[in-house]
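Got a structure for you, written out below as structure tokens; questions coming shortly.
Predicted model, so just to flag it, every value in this text is computed and none were measured. Naming convention: chains lettered A, B, ... in sequence-line order (proteins, then strands); numbering from 1 in each chain. Note: hydrogens, waters and symmetry copies are ignored here, and every other heavy atom, side chains too, is used.
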Number of protein chains: 2
Amino acid sequence: MAISEAEAVVMDVLWREAPRTAEEILAEVGPAQAWQEGTVKSLLNRLLKKKAVHAERDGRRYLYTPLLTREQYVQQESKGLLDRLFGGRVAPLVAHFSEQRKLSKKDIAELRKLLQELDDEQR
Amino acid sequence: MAISEAEAVVMDVLWREAPRTAEEILAEVGPAQAWQEGTVKSLLNRLLKKKAVHAERDGRRYLYTPLLTREQYVQQESKGLLDRLFGGRVAPLVAHFSEQRKLSKKDIAELRKLLQELDDEQR
DNA sequence: CACGAACAATTACGCGTGTAAACATCAAAT
DNA sequence: ATTTGATGTTTACACGCGTAATTGTTCGTG
């Protein structure tokens, strides 16, 4: 089962640093999300059920560690979008952003560099 | 309100050709999705409610036309992903696929061409 | 040892979604 | 005019999600 958007917010905290307690997660996410303690606990429990995090008892509380890596998550999400909208091919996606003028100077420079590296690797 | 994945399947049919009747939509989508007539009707009604399609009476049935364009939809979806996962920047996204070896030769060629065109446009 | 504070687990609830059955309508055929 | 077939509309229902209140558990302290 896929992890939801709210759950991803929690994962994000754990990806930045782990292990963490529920309280620490709330502290980091609270301001932006205005969540209650209970909300974070629920999300953590759902993530546990989905095997996306691991919980280790530490005295009276738990320390949570991600099992699903950010790479894996990003992979799933972006592959999904790519397949659904761009026939699984990357170039049309970039072309789309290009048409929308969403490529910054920096993007362009980095893309150029990336292609250069692929080129170097090649020979 | 955003349009859901099942709804997007229906939109896809209409984006390929419109206007269409519910029956035609089912015929095109049925094999792949194994949906019943009622399912398609429900989806069409929800799309109507969301103002994503328009229905025009034609005798005893309706002809459905998309109001939301594919461009708009792709725009929303991909911007969402980009913002959530790559800080809104395109280059990191491409880098991601590159690391995953998901760039085909064709992708690379097309990206190169794209950058070339951006370059030409510049001067 | 009993109690309260700190945590976690369970339960709840409204909403959107996927899927469809049930119901309504209306034109065509008998 | 009545029935029937084609269509659309309404209602349904289980499930995941966002959000949280409620309940359970356990440790430290009086």
Decide whether A:Tyr64 and A:Arg20 meet the rule of one side-chain donor and one side-chain acceptor closer than 3.5 Å.
no
Sequence neighbours left out, what passes side-chain hydrogen bond (donor to acceptor under 3.5 Å, both in side chains) with B:Thr65? Give chain and number order.
none
Look at the side chain of B:Arg46 and the base of C:dT19, then say whether one donor and one acceptor between them are separated by less than 3.5 Å.
yes
Using heavy atoms to find the nearest nucleotide of DNA chain D for A:Ala34 and B:Gly38 separately, return the residue whose nucleotide is more 5′.
B:Gly38
Whole-Å gap separating P (C:dA8) and CZ (A:Arg20)
15 Å
A:Gln100 side chain reached by B:Lys79 side chain, heavy atoms, under 4.5 Å:
no
By nearest atom, which of the nucleotides D:dG18, C:dC7, D:dG8 is closest to the A:Lys41 side chain?
C:dC7
What verdict does the side chain to side chain contact (heavy atoms under 4.5 Å, CB included) test give for B:Met11 and B:Val53, after you've listed the backbone C-alpha separation in whole Å, the side-chain angles of each residue and the deciding distance to 0.1 Å?
CA-CA 8 Å; B:Met11 291 304 286; B:Val53 305; 3.5 Å; yes
Return the value, rounded to whole Å, for the distance between atom CG of A:Leu44 and atom P of D:dC17.
15 Å
CD1 of A:Ile3 to NZ of A:Lys51: how many Å apart, nearest 0.5 Å?
15.5 Å
Is there a side-chain contact between A:Asp119 and B:Arg112, using heavy atoms and a 4.5 Å cut-off?
yes
DNA chain C contacts made by residues 56-65 of chain A, counting heavy atoms under 4.0 Å
A:Arg60, A:Arg61, A:Tyr62
Quick check: on DNA chain D, is the nucleotide nearest A:Met1 upstream (toward 5') of the one nearest B:Thr21, or the reverse? Name the residue that is more 5'.
B:Thr21
Round to the nearest Å and state the distance from A:Glu23 atom CD to C:dA5 atom P.
16 Å
Looking at C:dG18, D:dT19, C:dA20, which one has an atom nearest to any side-chain atom of B:Gln36?
C:dA20
Ignoring the backbone of A:Asn45, work out which of C:dG18, D:dG8, C:dA9 is nearest its side chain.
C:dA9
For the helix from C:dC1-D:dG30 to C:dT30-D:dA1, how many degrees between its two end axes (five pairs per end), to the nearest 10°?
40°
So, does B:Trp35 get its side chain near the phosphate of C:dA20, meaning an N or O under 4.0 Å from OP1 or OP2?
no
Under 4.0 Å between any heavy atoms, over every strand shown, what does B:Glu37 touch: base, sugar-phosphate, or nothing? Just pick one.
nothing
For a 4.5 angstrom cut-off between non-hydrogen side-chain atoms, does A:Pro92 reach B:Asp107?
yes
Pair A:Ser42-A:Asn45, side-chain donor/acceptor within less than 3.5 Å
no
